[in-house]
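So the structure is just underneath, and the comments pick up after that.
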Amino acid sequence: MSQLPIHQVAEQVIETVVRDKLLLLSAPTGSGKSTCVPGILLDSGKIDGKIIVIQPRRAAAKFLAHHTAFLRSVKLGSEVGYSIRHDSKVNKDSKIIFMTDGLFLQQLKSNPQLKGIGAVLFDEFHERRWQMDLAFSLCRKVQEKQSHLHIMLMSATLDVDKLQAALQCPLITTEVRNFPVDIDYLIPDRQKKIWEVAANSAKKIMQTTKGSLLIFMPGKYEIMKTVNELQRSLKVPVHALHGQLNPQEQDRIIENTGQQKIIVSTNIAETSLTIPNITAVIDSGLVRQNAYDPQRQINTLYTKSISQSSAEQRAGRAGRTSAGQCLRLWSKSEQTRKMQHFEPEILRCDPSELLLQCLALGFSDLEELNLIDTPKELDQAWKVLELLGFTNSQGSLSTAGIHASKMPCSPRLAALLYYGTQADQMDKACTYAALISEPSIILNRNKKKLTDLVPGKELDFSSDLDLMAEMLFIAKSCKFQVQECDKYSLNANNCRSADLARMQFLRLCETMPRLQNFNDMHPHCCLLRAFPDYLAKRRDSSSLQVSLGNQLKGEIDRFSSQKKATLILATSIADIATSLGAKTKLSQLTAISPELLDHTFPGELLSKDEVIWDPSSKSARRAQQSCFRSLIIEEKIVDCEPDAQTEQVLANKIIDGTIKLNKWSEKLDDWIERVRKCAEIYPDKGIITYSPQDLEIVYMEMCSGLTKAKEVRDMDCLSYLKNLLSWDEQCFIEDAVPENIDIGNGKKLRIFYQVGKEIYVRAFIQQLFDLKKTPLIGPARIPLTFEILAPNHRPIQVTKNLENFWSGLYPEIKPALARRYHKHQWI
DNA sequence: AGGGATCCG
């Protein structure tokens, strides 16, 4: 391949980027954009200063630097270099520097005008990581003042339309694709699991395809299932590939042995890793992705459908070395419904780190930065910074915030480092921060409890982190040798990176000024200061259930060493979406005593004493609570004397239906309707209407002197209802809206009252023979409405005028009625 | 029963 596709547009790229200073370059994988464009720019001689190529991943930055140096026949670290965390190969004359986005952001803070830099190339910009978006916006700010800076946004799957619209800049596209890939769709049988479908298809594909097969699955679990299915029925070597494997293990799996194989992988093979000799891809169409819940400040891991551009990338993996095929486990119609691109990462993640960095850069209003996408709901991010003591009343960074913002980690871990340093707990704080920020140092956690891993069980650890710190020490003392680490179930690589982070944190903390004098008695205090809202209380001793503040619930890690503690601080909380709904999981646990909590946050451990409804005894009882902010730490429920509070609690339970009143009858409802009707007819009398507020007063009076539901249940409700009215009012009501009407010969009829309707009675015609005139009700002399029924209960007439009825309609219909109901008496 | 892959003087 002498002429890469990118070389065909080289002239155009140089011309455009020199003229417009900003260029979108959309070029497919394998076009050579990452390795060739920097050199093309350098060789043009039109860029004044270093060319920085920003990468989202360290491994990619390092690899591309190597490859670029090789292509240009220079020694790595001279003209071409790289700079990533813990590792760099550059000198002052380096012209092309590959760098990770995080590191570039850090350097921007000390070189805000980008002196000496002529071009910044953002690779894999489509991922829309917040670090890249922020760095890009800052570069644009630099361009406003200085004209020498050139910016390029590069990717295979740029959301071109949106970016071009937002940025108003030129776009260059190289359309070539390496080799054609045939795409088929298969709608999975609903009865079958996705791994069964994938494995069945794999068997067929392996009979025809020449090279290796790559299967995309969302996670480790599905990968394991797929591998099992395949190994049962195929002789071809099958490998699982995911990010938790060591780089060495990953390399061994990827390595081209010249032999056919099947690799079942997570999304890691979509962009991060390139596997040679893939001629077929099976795509489950699924990916696991985090979504941040700003209200609870918790990440949730979802299994989602991939985007169209993601599907295209995955399929493209089959066409790198020859023509290939791709089987998509979804329908063609679903393909058209899929979203074109994923939502930008900057909108999916916890924005508190972005906010902290913006504040450190002097932007308190994110609007000023003109970010392509600005995260919504920043209120919670402000609250996190406030919680950590990083902001002051003017909405800018406090001293603590300024120092914390320089730490290469999340705001919470920066708080851990800052407060740890201030409290003379630097060493422990750095170790904790390293263990929390880096991937788990423990290997194969599937079956073993954390306590069983560390030798010397007599040691009493009150924190998983202390236990892990001890294991990290063991790993270090055996120089991170894989075989030795294996014996302790330790991941040597992760131990090494945790140790590197630890040492970096130590170096940074040593230069941090001591400004505050905390007298923290224990290293766990600084954990509390960094994660005060991650404190949880066990709900019982037998289950893993815990309560967090703000009424949240969760479940602690069953492999934790801290399963006996009642008060627990978690330094990792995440929601896991399951088929049964989301579960909040707490891990990396530390036991916290109330004394330690009180010592760390003096005066915040408050006693509360209030009357509550106790469902188990069905009574109002007194809850004596000890609370830390919104978390109940201790709760004792005791019997109590009746008072105004018990009345209120019981009344509320009557209102919500928990306590049923046995003597609440139809008669009571009738009484209430009569009183309401009376209030309607005589509004100037000021009679109550038994509004919800009136009823609440009735209930409270009923509950006076009581605490138990069973005492309340059999209360004589009617007398309490009546007692809300004065004696005079009661007499007036009896007269104004009588319960019954006398219809002669000592017989009575019930009167029905309804607010907004006529007052009426319902009667058989025979009952009314003695009633010649319409009775008038109460002082207002309201005529009664009669619903007159035939013997068969069917209404004959509804009237307010009985006289008219007897003289008018009755004589007309009487003969017919008398014939039909001849056994009845007729007058 | 079930935890992706990343980054930071």
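Note that these values count all heavy atoms, side chains included, but never hydrogens, waters or copies made by symmetry. Letters go in sequence order (proteins before strands), and every chain restarts at 1.
Among the protein residues, A:S110 comes within range of the nucleic acid bases, having at least one heavy atom under 4.0 Å from a base atom. A:R507 comes within 4.0 angstrom of nothing in the nucleic acid, heavy atoms only. Base contact: A:L301 has a heavy atom under 4.0 Å from a base atom. In this structure, A:Q504 reaches the sugar-phosphate backbone alone: every heavy-atom distance under 4.0 Å involves primed, P, OP1 or OP2 atoms, never a base. At a threshold of 4.0 angstrom between heavy atoms, the contacts of A:Q244 are confined to the sugar-phosphate backbone, with no base atom among them.
Each of A:W195 and A:R85 lies near DNA chain B, and the nucleotide nearest A:W195 is the one positioned closer to the 5' end. In this structure, A:F104 and A:L586 both approach DNA chain B, and ranking their closest nucleotides by distance from the 5' end singles out A:L586.
Using a cutoff of 4.0 Å between basic side-chain nitrogens and carboxylate oxygens, A:R232 and A:E229 are scored as salt-bridged.
When the side chain to side chain donor-acceptor pair (under 3.5 Å) test is applied to A:Q340, the partners found at least two apart in sequence or on another chain are A:Q308. Annotation: side chain to side chain contact (heavy atoms under 4.5 Å, CB included) contacts of A:D93 (sequence neighbours excluded): A:N91. Looking at residues two or more places apart in sequence or on another chain, you find no side chain to side chain donor-acceptor pair (under 3.5 Å) involving A:Q231. When the ring pair (Phe, Tyr, Trp, His ring centres under 6.0 Å) test is applied to A:F505, no partner is found at least two apart in sequence or on another chain. Looking at residues two or more places apart in sequence or on another chain, you find a ring pair (Phe, Tyr, Trp, His ring centres under 6.0 Å) between A:W195 and A:Y221. Residues that satisfy the side chain to side chain donor-acceptor pair (under 3.5 Å) test with A:E438, not counting sequence neighbours, are absent from this structure.
Protein chain A contacts DNA chain B over a range whose 5' and 3' limits, counting nucleotides with an atom under 4.0 angstrom from a non-hydrogen atom, are B:dA1 to B:dG9.
Near DNA chain B, meaning a heavy atom under 4.0 Å away, the residues from residues 397-412 of chain A are A:P408, A:C409.
Every pair passing side chain to side chain donor-acceptor pair (under 3.5 Å) that includes a residue from residues 351-361 of chain A is listed here, sequence neighbours excluded: A:K109-A:Q357, A:D350-A:S352.
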